[in-house]
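These notes are about the structure you will find just below.
Everything numeric here is computed off the predicted structure, so don't read it as measured data.
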Amino acid sequence: MTELFPSSTVLGYPRIGPDRELKRALEGYWAGRLDRAELDETGRRLRAGTWRRLHELGLAGLPSNTFSLYDHVLDAAVAVDAIPDRFRDAPDPYFAMARGTDDVPALRMTKWFDTNYHYIVPEIGPRTRFRSVPDKPLAELREARALGHETRPVLLGPVTFLQGNLDRLDDLLDAYAGILQALHAAGVEWVQLDEPVLVVDGGAPAVRHAYRRLAALERRPKLLVASYFGNADEALPALAVAPVEGVAVDLTHGVPANLKLFQGRTIVGGVVSGRNVWRTDPDAARALLAAAGATSVSTSCSLLHVPYTLRGESGLPDGLAFAEEKVAEVVALAELGPKPGPLPERPSATSGTSPATRSPYAIRVTAQADLNLPLLPVTTIGSFPQTAEIRQARVRLPAAEYDARIAAEIDRVVEEQEALGLDVLVHGEPERNDMVQYFAEQLDGFAVTRNGWVQSYGSRCTRPPVLHGDVARAAPITVRWATYAQSRTAKPVKGMLTGPVTIVAWSFVRPDRALRDVTLQVADAVREEVRDLEAAGIRIIQVDEPALRELLPLRREEQEEYLAWAVAAYRRATSGAADATQIHTHLCYSDAPQVLAAIDALDADVTSIEAARSGFAIEGLTRGVGPGVYDIHSPRIPDVAEVVKRLRGALEVIPAGRLWVNPDCGLKTRTYDEVRAALGNVVAAAHKLRESVQ
């Protein structure tokens with residue numbers, strides 16, 4: 001008998017483990033402390049625990065194939081055999097693509113739509129030969145059934161998988177057809193195909209073609225096409241002409257007018273936000289479900305983007321819901337059912353503002369000449385390796401002993417940099433747990449969690465703070481350790497700050513607060529910190545904005561307004577600096593070409609930018625530029641010749657007088673042995689090139 005779609009479900013769930021079990025297993029496997037069987041057993045236990053907990057919470061429809069050892073997009077590439085030939089002979093091709101090997105750099109990595117989740121970008125070319133490899137979704141299906149759970153396999157949709165390579169769509173659809181038919185043969189009733197590309201401009205023709213083909217297959221499961229991260233109204237007519245059985249829509253962005261085209265089919269209403277940690281208003285949610293004609297209740301997107309549970313937390317504001325609590329909300333809403341009523345109003349996220357200004361760049365360059373920096377100055381992005389000893393000291397040592405331990409680590413970092421021959425030093429940030437959380441702990445208006453971990457990429461997690469009130473700075477935050485580091489060297493030391501857009505983007509903001517308004521409040525706090533660093537004698541200050549592109553609206557019509565206030569917030573934060581103070585900024589894994597004009601409009605004296613994986617995207621930047629030459633997200637060490645080649649490529653578009661030399665990002669995740677070897681090669685390459693460009 002054909003089953004109806006379950007009354008309640010989620011589109012995905014966190015996978016790093018409630019206590020970050022997967023993180024520890026991955027890092028143990030990479031270090032050689034665990035074998036592959038032990039790593040796989042950790043994954044099996046985490047999947048079983050997730051299904052068991054979702055069932056205990058009363059969820060009617062359980063998803064499968066949402067777990068990943070590293071990244072779900074990388075999993076999709078393996079499922080269609082899109083493995084570049086250079087990785088196939090590696091001992092573990094999967095992790096070789098994610099992290100690189102001694103001989104082969106990793107695949108490109110960037111942000112997943114407008115989130116802080118990083119994914120591995122598939123490498124698709126004319127020679128890529130797709131084939132169906134349904135092993136992973138079938139294995140998870142069997143695991144769940146052995147535990148007594150019937151699940152809905154989740155696949156990344158073909159249009160989202162390809163994005164910029166749609167000329168290969170027909171070939172890819174053949175592979176997807178094989179996967180769907182294999183799942184049908186295994187008795188699967190429904191398959192979820194995730195197509196967040198539906199909320200982006202221009203994807204409708206490919207969606208129409210793809211789902212007409214897939215829906216026309218014989219012997220296939222029912223298809224639930226899931227869109228999220230925005231309102232899919234523009235693309236829904238293209239999807240509606242295909243005979244897919246259901247659609248899941250993100251109703252937290254409003255009810256699409258074209259959703260009426262799906263009347264008579266399954267409509268899964270995503271009314272519980274998978275992106276924020278605030279409770280759902282049940283009356284507003286029921287009104288959205290009624291207006292959408294929803295037949296099932298779900299989260300707006302995967303719960304991958306929120307922590308596991310509020311259990312064990314304290315000191316947080318009222319009104320929060322993490323993943324477990326959100327599942328309970330979904331179940332409760334399904335039991336209550338839709339109820340017509342007034343639709344909720346959403347706060348305005350943007351509003352225009354005029355950017356603050358500093359003196360023109362040419363004047364600032366003259367004022368900064370007494371920094372006496374060489375051509376191609378070498379620096380790092382900020383953090384140095386955080387050892388286990390430092391992390392333990394942060395939670396175990398009394399204040400005086402801890403301060404002494406931090407001072408000793410800063411001494412070590414300064415000595416390491418001087419021995420390597422870097423030109424602009426950093427203090428290494430040993431006192432910082434995270435580039436956003438550290439500031440949130442010392443600003444009014446924020447609360448931080450004890451165990452609210454969210455996966456950023458691979459084994460890396462962050463604990464996003466909760467922004468619940470007005471933001472203000474009570475006292476200097478970074479001056480003490482920056483000035484201590486400067487006292488230990490004659491070379492300039494950078495003060496290190498996180499920019500206002502990034503602090504807001506990587507926090508859970510109370511939903512009734514307009515993003516522009518809270519970002520400008522944070523900008524004022526950062527501005528005060530810049531002034532205090534400058535007054536303490538710090539001549540170079542880096543204000544990082546890696547999330548500038550992340551908050552960019554997915555619809556082009558909304559982007560200009562956002563970029564106007566985001567740039568204005570950054571310039572407000574830095575505009576108090578004197579001409580003689582050199583302001584740096586940094587962006588990593590942020591698809592910089594999409595917002596290159598806005599990056600230039602930040603008006604920083606020097607912009608460092610991720611480039612080792614993505615290539616140099618620096619044309620159009622009119623001030624100092626530091627394209628990353630060392631991929632710090634991989635254990636691979638670039639040799640001198642490789643760094644020289646990258647720098648020569650940069651010199652083709654950036655004059656030597658404006659070119660800086662630096663890694664892609666901070667060095668927190670690397671070991672000291674790796675850092676010494678890599679930075680030694682980077683310095684040697686810079687010195688070699690200086691001789692040829694003098």
Side-chain angles (χ1 to χ4, degrees), residues 114-116 252 272-282 284 305-307 309-323 325-326 329 344-351 353 432-454 462-479 497-532 543-545 547-548 550-551 562 565-566 568-570 572-574 576:
D114 58 349
T115 76
N116 189 33
T252 66
V272 173
S273 174
R275 295 283 299 276
N276 217 324
V277 294
W278 300 87
R279 287 181 194 158
T280 305
D281 180 334
H305 309 287
V306 297
T309 180
L310 280 168
R311 284 183 288 115
E313 298 290 347
S314 61
L316 297 178
D318 293 335
L320 300 183
F322 290 179
E325 293 78 24
K326 287 177 180 294
E329 289 183 322
E345 294 185 7
R346 300 176 61 232
S348 172
T350 62
S351 178
T353 188
R432 303 187 190 185
N433 41 27
D434 173 80
M435 65 182 292
V436 170
Q437 182 184 340
Y438 179 74
F439 288 90
E441 288 172 340
Q442 300 178 72
L443 291 171
D444 296 339
F446 286 90
V448 297
T449 67
R450 295 178 60 191
N451 199 41
W453 297 101
V454 176
T462 64
R463 281 189 291 158
V466 177
L467 203 170
H468 61 90
D470 288 332
V471 178
R473 191 195 72 146
I477 298 171
T478 67
V479 173
L497 306 177
T498 304
V501 173
T502 298
I503 288 176
V504 170
W506 294 356
S507 300
F508 294 121
V509 181
R510 204 175 75 198
D512 62 345
R513 303 295 303 275
L515 289 182
R516 169 198 175 268
D517 295 340
V518 294
T519 304
L520 292 177
Q521 285 187 347
V522 176
D524 287 339
V526 175
R527 178 186 171 96
E528 293 173 10
E529 193 71 17
V530 168
R531 285 176 165 171
D532 283 342
V543 184
D544 294 342
E545 280 296 22
L548 180 68
E550 184 179 312
L551 281 186
Y562 158 72
W565 66 254
Y570 185 89
R572 182 163 169 167
T574 57

> Partners of Val454 by side-chain contact (heavy atoms from CB on, under 4.5 Å), sequence neighbours excluded?
Replying inline: Pro307, Pro464, Phe508
> Is there a side-chain contact (heavy atoms from CB on, under 4.5 Å) between Val471 and Phe446 once you walk through the steps?
Replying inline: CA-CA 7 Å; Val471 178; Phe446 286 90; 3.9 Å; yes
> Val501 and Leu548: which non-hydrogen atoms are nearest, and at how many Å?
Replying inline: CG1-CA, 4.2 Å
> Between the main-chain N or O of Tyr438 and the side-chain N or O of Gln442, is there a donor-acceptor pair closer than 3.5 Å?
Replying inline: yes
> What's the verdict on side-chain hydrogen bond (donor to acceptor under 3.5 Å, both in side chains) for Thr478 and Glu529, showing C-alpha distance, side-chain angles and the deciding distance?
Replying inline: CA-CA 8 Å; Thr478 67; Glu529 193 71 17; 2.8 Å; yes
> Under 4.5 Å between any side-chain heavy atoms of Thr252 and Val272, yes or no?
Replying inline: no
> With a 4.5 Å heavy-atom cut-off, do Arg311 and Phe322 have their side chains touching?
Replying inline: no
> Excluding sequence neighbours, so at least two apart, what forms side-chain contact (heavy atoms from CB on, under 4.5 Å) with Glu528?
Replying inline: Arg473
> Counting only N and O atoms by type, is there a donor-acceptor contact under 3.5 Å from the side chain of Thr519 to the main-chain atoms of Leu515?
Replying inline: yes
>> Apply side-chain contact (heavy atoms from CB on, under 4.5 Å) to residues Leu310 and Leu320 and explain how you reach the verdict.
In response: CA-CA 8 Å; Leu310 280 168; Leu320 300 183; 4.1 Å; yes
> Is the shortest distance from a Lys or Arg side-chain nitrogen in Arg513 or Asp470 to a carboxylate oxygen in the other one below 4.0 Å?
Replying inline: yes
> Can we say Arg463 and Asp434 salt-bridge, meaning some charged N sits less than 4.0 Å from an Asp/Glu carboxylate O?
Replying inline: no
> What distance separates Trp278 CH2 from Arg510 CZ, expressed to the nearest 0.5 Å?
Replying inline: 6.5 Å
> If only atom types and distance count, is the side chain of Lys326 paired as donor or acceptor with the main-chain N or O of Gly274 below 3.5 Å?
Replying inline: no
> Is there side-chain contact between Glu313 and Asn451, with at least one heavy-atom pair below 4.5 Å?
Replying inline: yes
>> I need the minimum non-hydrogen distance between Arg279 and Glu329, along with the two atoms involved.
In response: CA-OE2, 3.4 Å
> Taking the side chain from Ser507 and the backbone from Val466, do they hold a donor-acceptor pair closer than 3.5 Å?
Replying inline: no
> So, the side chain of Glu441 versus the backbone of Val448: is there a donor-acceptor pair under 3.5 Å, distance only?
Replying inline: no
>> I'd like to know whether Asp517 forms a side-chain contact (heavy atoms from CB on, under 4.5 Å) with Trp565, so could you lay out the CA-CA distance, the side-chain angles of the two residues, the decisive distance to 0.1 Å, and finally the verdict.
In response: CA-CA 9 Å; Asp517 295 340; Trp565 66 254; over 6 Å; no
> Given the rule in the side-chain contact (heavy atoms from CB on, under 4.5 Å) test, do Glu550 and Thr115 qualify, once you have shown the distances and angles that lead to the verdict?
Replying inline: CA-CA 6 Å; Glu550 184 179 312; Thr115 76; 5.6 Å; no
> Between CD of Glu545 and OG1 of Thr574, what distance do you get to the nearest 0.5 Å?
Replying inline: 9.5 Å
> Would you say the side chain of Val526 lies within less than 4.5 Å of the side chain of Phe439, judging by non-hydrogen atoms?
Replying inline: no
> Atom CD1 in Ile477, atom CZ in Arg432: separation rounded to 0.5 Å?
Replying inline: 9.0 Å
> What is the minimum heavy-atom distance between Ala569 and Ala523, and which atoms define it?
Replying inline: O-CB, 3.4 Å
> Should Thr462 and Trp506 count as side-chain neighbours, where that means a heavy-atom distance under 4.5 Å?
Replying inline: no
>> Quick one, Asp114 with Arg275, criterion salt bridge (charged side-chain N to carboxylate O under 4.0 Å, His left out). Give me CA distance, side-chain angles, the key distance, then yes/no.
In response: CA-CA 10 Å; Asp114 58 349; Arg275 295 283 299 276; 3.1 Å; yes
> When rounded to the nearest 0.5 angstrom, what distance separates CG in Leu497 from CD1 in Ile503?
Replying inline: 8.5 Å
> Can you name the closest pair of heavy atoms from Gly312 and Arg450 and give their distance?
Replying inline: O-NH1, 3.2 Å
> Between the main-chain N or O of Val509 and the side-chain N or O of Asn276, is there a donor-acceptor pair closer than 3.5 Å?
Replying inline: yes
> Would you say the side chain of Val530 lies within less than 4.5 Å of the side chain of Val543, judging by non-hydrogen atoms?
Replying inline: yes
> Between Leu443 and Ala525, what is the shortest heavy-atom contact and its length?
Replying inline: CD2-CB, 3.8 Å
>> So which atom in Ala447 and which in Leu316 form the shortest heavy-atom distance, rounded to 0.1 Å?
In response: CB-CD2, 4.0 Å
>> In the structure I gave you, are the side-chain heavy atoms of Met435 and Asp544 within less than 4.5 Å of one another anywhere?
In response: yes
>> Walk me through whether Thr309 and Glu325 qualify under side-chain hydrogen bond (donor to acceptor under 3.5 Å, both in side chains).
In response: CA-CA 7 Å; Thr309 180; Glu325 293 78 24; 3.1 Å; yes
